[in-house]
Amino acid sequence: VPKATQLHEERIASCTPALKPRVSVVRKYHVLVRISHWLNIPLLLGLIVSGISIYWASPIYQHNPNPQTGSFDYLADAGIWICAHLPGAHDYANHPDWIYNHISLGPYMLAPAMRLHWCCAYLFMLNGLVYLAGMLLGGEWRAVLPRLSDARGAVKMAAYYAGTPLAILKRQLRKTPHRSTKYNPLQRLAYFSIPIAGFLSVLTGWAIHKPMQFSWLAAIFGGFESVRVWHFWLMWIFVLFVIPHVILVFADGWDPLQSMITGWSRNESRGQANEA
Amino acid sequence: MKRDAAFKERPAAVIEVAPKTWRRRTRRDFLMFGASALGVLAVGRSWRHEGWLANKALGFDDDVAQALYSPNRLVPN
């Protein structure tokens with residue numbers, strides 16, 4: 001290398017600051033959205049567990065008493081069935097109580113269950129407002145608005161998810177359907193529907209809790225007995241949402257979980273979309 | 001057209017940060033998350049042992065009930 005050229009290169013190297021490595025991230029969730037998201041876990045758990053305790057005192061779905069077991073409640077029947085078929089459950093003291101003893105606060109807990117339910121319900125309403133504020137402040141509400149093309153896209157994504165376990169078993173590489181938006185159509189449908197389900201749960205809850213003052217509200221849902229049915233099935237919507245949601249979070253790697261804690265995503269900045 | 005643009009999803013802006021800053025912020029957020037989770041657990045435990053939150057909720061619910069009652073109700077409570 002000629003001496004003059006070498007000197008020139010050294011000068012350039014000494015004048016040019018070394019390129020520092022940088023991390024590319026995108027802001028994914030507003031802090032209020034993250035707070036409300038995580039608070040939903042204890043609140044929904046408290047609401048479901050205490051709600052089932054309240055349901056136990058007066059089940060919606062009843063039939064004539066079974067002459068053999070004396071049960072008149074379908075959930076109690078499920079407990080009897082479980083005790084008959086689940087290994088180790090044959091010796092359970094009270095077969096009709098099996099379900100309730102496992103997914104509620106337990107026997108003789110109606111009063112504490114009602115207090116817990118109201119406490120969690122008020123906090124759930126407050127949390128809903130926090131979520132709404134976060135969505136508005138962060139502008140994230142635009143990402144969950146459904147689009148006309150979403151029906152077909154949601155079916156496509158559902159088929160993709162349904163085929164994934166088989167693909168894993170067969171060790172096949174599958175390409176995630178391409179998208180240029182924050183959420184895929186199925187996610188948009190879910191994230192748009194769940195707040196609506198939450199809102200309906202609150203309305204039906206008020207109609208049950210204050211049946212005199214909110215008799216008009218119960219009437220909208222078809223009367224007091226119907227509003228209880230609505231409230232019961234809305235709970236199952238949450239359960240049915242949470243199960244695949246959690247599975248997909250863990251299946252999708254570290255980034256979705258981290259972004260819901262820190263608010264930032266590295267995958268999204270690389271153009272890799274999270275599926276959970 | 002203007003209304004459509006208001007509802008349209010906006011692309012997230014990519015931000016470049018130094019790896020050290022990124023790691024520090026991530027660590028801070030995880031620590032805060034862990035501390036908050038422990039706080040919620042502590043509140044949950046106090047529910048079982050002391051029940052002050054349950055009593056607060058009951059008192060608040062009573063206030064709500066009072067507010068919802070008709071001012072001309074016959075029963076005073």
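Labels below follow one simple rule: chain letters A, B, ... track the order of the sequence lines, proteins then strands, and each chain is numbered from 1. Note that the structure is predicted; figures quoted are calculated from it, not measured.
Here the closest heavy-atom approach between residue B/Pro19 and residue A/Val23 is recorded as CA-CG2, 3.6 Å. When all heavy atoms are compared, the tightest approach of A/Tyr29 to A/Ser259 is CD1-O, 3.3 Å.
Between A/His117 and A/His231, the ring-plane angle classifies as perpendicular under the 30° and 60° cut-offs.
With sequence neighbours left out, A/Glu140 forms a side chain to side chain donor-acceptor pair (under 3.5 Å) with no residue at all. Partners of A/Trp118 under the side chain to side chain donor-acceptor pair (under 3.5 Å) rule, at least two apart in sequence or in another chain, are A/His209. For B/Asp62, there are no side chain to side chain donor-acceptor pair (under 3.5 Å) partners at least two apart in sequence or on another chain.
A/Tyr131 has its ring centre no less than 6.0 Å from the ring centre of A/Trp141.
In this structure, chain A has heavy atoms under 4.5 Å from both the backbone and the side chain of B/Ala65. For B/Val17, the parts lying under 4.5 angstrom from a heavy atom of chain A are both the backbone and the side chain. Interface residue B/Ala13: only backbone heavy atoms are found under 4.5 Å from chain A. Using a 4.5 Å cut-off between heavy atoms, A/Leu145 contacts chain B through its side chain alone, with no backbone atom that close. Proximity to chain A (any heavy atom under 4.5 Å) is restricted, for B/Phe33, to the side chain, taken from C-beta onward. Proximity to chain B (any heavy atom under 4.5 Å) is restricted, for A/Leu39, to the side chain, taken from C-beta onward.
Residue-level contacts of residues 211-220 of chain A with chain B, in order of numbering, are A/Gln213, A/Phe214; threshold 4.5 Å between heavy atoms.
Put simply, the side chain of A/Trp206 reaches to within 4.5 Å of the side chain of A/Met125, judged on heavy atoms. Here the side chains of A/Gln258 and A/Trp254 are in contact, with some heavy-atom distance below 4.5 Å.
For A/Thr181 and B/Glu9, the side-chain atoms include no donor-acceptor pair closer than 3.5 Å.
Of the listed residues (B/Asp61, B/Leu58, B/Asp29), the one with the most heavy-atom contacts under 4.5 Å to chain A is B/Asp61. Among B/Arg25, B/Lys56, B/Arg10, the residue making the largest number of heavy-atom pairs under 4.5 Å with chain A is B/Arg10.
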